[in-house]
2 protein chains.
Amino acid sequence: MKIVSKEDAMKAVKKNLTINDIAAQAGVSKATVSRVLNTPEKVAEKTRNRVLAVIRTTNYRPNPLARALNIQRTGIIGVIVSDITNPFYALMVRNIEEVCRAHHHYIFLCNTDGRREEEEFYIRSLVEKKADGIILGATQMDSKNLHLLYESEIPFIFVSRLPQERERCDYVTADNEQGGYMATQYLLSLGHTRIAYLGGRWETSSNLERFEGYKKALMERDLPPQEEYLFSGEFRMEGGYEEGLRILALGKNRPTAVFCANDYMAIGLLEACRERRVKVPEELSIVGFDDIPLSALKSIQLTTVSQSVAELGALSGKILIDKILNPQKRNVRQQVVFPPKLVVRKTCAPPKIRE
Amino acid sequence: MKIVSKEDAMKAVKKNLTINDIAAQAGVSKATVSRVLNTPEKVAEKTRNRVLAVIRTTNYRPNPLARALNIQRTGIIGVIVSDITNPFYALMVRNIEEVCRAHHHYIFLCNTDGRREEEEFYIRSLVEKKADGIILGATQMDSKNLHLLYESEIPFIFVSRLPQERERCDYVTADNEQGGYMATQYLLSLGHTRIAYLGGRWETSSNLERFEGYKKALMERDLPPQEEYLFSGEFRMEGGYEEGLRILALGKNRPTAVFCANDYMAIGLLEACRERRVKVPEELSIVGFDDIPLSALKSIQLTTVSQSVAELGALSGKILIDKILNPQKRNVRQQVVFPPKLVVRKTCAPPKIRE
DNA sequence: CTTTCTTATGAAACTGGTTTCAGTATAAAT
DNA sequence: ATTTATACTGAAACCAGTTTCATAAGAAAG
């Protein structure tokens with residue numbers, strides 16, 4: 001019996017016909033149908049064509065769930081970020097998605113909002129759901145569930161932020177310390193000495209390392225970082241804005257420059273400056289970190305440390321996919337550190353001489 | 001035999017122990033273990049506790065794949081957007097994710113980049129993968145694979161952009177025509193008569209409807225839209241920038257105002273203005289659409305039509321989850337249209353009198 | 001003290017595929 | 001003509017659960 005009408009073809013999609021139906025219609029066993037689908041070269045041409053014909057007319061697609069259960073692969077890649085609303089992560093995810101799709105893998109998006117519990121929850125979920133791989137883009141150094149990853153067979157990779165035991169892991173990141181150092185050095189070279197640090201949570205490696213770079217540059221000039229110049233808020237525009245207001249409220253002792261641990265916060269700080277009518281760069285110099293597309297806007301022109309997010313994302317995706325596809329490569333560590341680059345735009349100037 | 005050591009518990013995670021192992025250890029059949037997990041009230045308390053004890057010490061988790069194969073639910077919700085890099089979509093997805101997570105559903109992120117083929121590809125993939133539900137945030141009106149959705153049992157909902165046969169579908173959107181009308185009216189009320197339209201692809205409903213609103217407002221004043229004032233580029237900042245340059249190159253006949261079909265493009269246009277040293281709003285008034293967070297920045301201050309993206313996302317998620325959880329509700333159509341709101345900021349002014 | 005109704009449980013069938021293994025038919029080598 | 005190797009194919013086992021159905025035990029009713 002042949003199936004020809006459009007209605008039947010439609011039914012095929014709706015009615016979830018199975019490999020048994022195909023086998024019956026083609027007059028073969030379901031093993032053969034499975035072989036036609038997976039290892040066609042092992043099926044005689046005549047048989048293969050007959051089966052293929054049935055598959056085509058019925059518009060049959062094997063159930064991916066049943067398949068996943070067998071071959072133990074889901075085609076899912078978990079991507080954990082802190083906030084997709086942050087252009088930094090959006091760009092990262094976008095690039096990850098592109099390389100994954102090219103290899104028939106799909107992305108599970110997880111926003112942790114920077115909360116440790118959310119990260120732990122998602123790690124557990126992804127392990128249980130048997131994701132084929134996991135990309136951690138926003139790990140907290142005190143995150144508890146990483147051991148689940150080490151114990152599972154699932155390949156995973158860190159991007160941008162690293163965990164405590166980084167030697168054991170794969171990662172792709174920028175040289176954050178070097179970046180922080182460059183930014184601060186640049187401000188010092190302009191003549192600034194009162195340089196504040198505006199960062200995120202201390203539990204994130206990127207923040208910590210950028211701070212280390214900041215500290216290093218200051219120490220080289222015998223200017224140890226001062227407690228009252230250290231600010232840390234939420235890793236977002238609002239965080240930058242709120243802490244920014246506090247910085248600007250510092251009065252006489254106000255710093256003449258701020259190194260922001262990320263662009264998104266820096267833009268928040270710029271907002272605060274506008275609101276308080278503090279002129280940038282005349283009254284306050286600002287350097288950011290990340291070089292998100294926004295920073296290049298003519299109305300923003302943020303001087304920043306660039307760390308090609310797109311590359312970060314794409315490369316991490318590639319490495320992960322490679323490990324998924326080639327299990328023998330899983331025990332060689334891939335640890336990539338991109339050199340940062342200072343992008344000088346218009347938010348920095350020498351300090352005005354006051355008093 | 002009781003399992004107590006940490007090593008054993010770890011092995012549990014790694015070694016993928018199955019329901020059979022639990023059954024054996026608890027001295028019951030796997031059916032009973034399954035019941036303890038799914039319908040505990042149907043198991044005698046004594047037995048239940050024994051099984052639970054084993055589950056706890058072994059740290060056993062049922063394989064979600066096997067489970068999905070049985071109950072025909074994956075816990076996956078596909079979210080198709082055109083570009084997560086666009087703050088509009090980022091915000092939308094963020095809110096969708098939040099409501100989904102609250103109901104133990106997870107998000108599959110799909111970027112179509114506004115291309116019809118990608119959308120078709122993803123629709124097909126999601127249907128095949130048996131997603132529990134699909135949110136379409138960037139549908140093209142000429143998209144071909146929607147019929148797969150109608151034919152499948154999978155609940156789906158459109159956000160922001162609608163398909164051709166909208167009567168048959170669930171959707172959450174803003175009143176785009178009304179928004180376009182309001183924006184244009186506002187420009188007219190300021191005294192502008194040479195008002196350009198800068199939009200995206202004509203195949204997207206939101207663009208088309210906003211244009212309709214624009215046209216309606218103009219027609220009421222007997223000012224039919226002029227071909228040379230109609231611009232359409234990529235629905236992104238770059239698109240706005242490029243088309244913006246073309247608008248500004250119009251010389252003598254240059255429009256005095258532009259209604260942009262979305263904020264992201266409007267910001268691109270602002271870039272172009274900065275570059276060509278065209279003063280906004282003195283020499284050119286601009287109204288956007290969407291009211292993305294960026295538009296409120298002090299350095300941008302874009303006058304725009306607001307359509308609470310967050311609400312759009314959250315509500316669409318809620319409706320979809322509701323349909324997934326309550327199949328009986330699936331055949332009542334949910335069609336929500338939010339009223340838009342004009343947010344006047346600083347990119348509009350009366351036209352300068354020239355010549 | 002039967003009979004009837006619940007309740008608890010396990011065996012087996014089922015979800016929809018993949019894979020191993022054994023067997024047959026055919027081609028090649030002796 | 002006989003042996004050996006090779007190419008195909010199908011039955012059955014398997015992946016890891018859920019669900020139906022039959023049965024046994026215990027409780028309630030007659």
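Just so it is clear, the values below take in all heavy atoms, side chains as well, and ignore hydrogens, waters and symmetry mates. Chain letters run A, B, ... following the sequence lines, proteins first, then strands; residues in each count from 1.
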Tell me whether the side-chain N/O atoms of B/Tyr60 come closer than 4.0 Å to OP1 or OP2 in D/dG17. yes
Given B/Asp170, which of B/Lys323, B/Gln335, B/Gln334 fulfils the side-chain hydrogen bond (donor to acceptor under 3.5 Å, both in side chains) condition? B/Lys323
In whole angstroms, the gap separating P of C/dG16 from CD of A/Gln72 amounts to 19 Å
Does the base of C/dG16 carry an N or O that pairs as donor and acceptor with the side chain of A/Asn63 under 3.5 Å? no
What's the CG-P distance between A/Leu65 and D/dT18, to the nearest Å? 14 Å
Round to the nearest Å and state the distance from A/Arg35 atom CZ to C/dT20 atom P. 11 Å
Nearest whole Å is fine: how far is C/dG16 C1' from A/Asn70 CG? 8 Å
Presence of donor-acceptor pair under 3.5 Å, side chain of A/Arg61 and base of C/dG16: no
Check every strand shown and say whether A/Val28 touches a base, only sugar-phosphate, or nothing at a heavy-atom separation below 4.0 Å. sugar-phosphate
Please work out if A/Asn20 contacts a base, only the sugar-phosphate, or nothing of the nucleic acid, heavy-atom cut-off 4.0 Å. nothing
Closer than 4.0 angstrom, basic N to acidic O: yes or no for B/Glu120 and B/Arg124? no
Using 30° and 60° as the class limits, which term best fits the ring planes of B/Tyr106 and A/Tyr122: parallel, tilted or perpendicular? perpendicular
Distance from B/Leu146 atom CG to B/Glu151 atom CD, nearest 0.5 Å? 11.0 Å
Can you check whether any acceptor in the base of D/dG17 is under 3.5 Å from a donor in the side chain of B/Lys30, or vice versa? yes
Quick one: B/Arg50 CZ to C/dT9 P, roughly how many Å, whole number? 8 Å
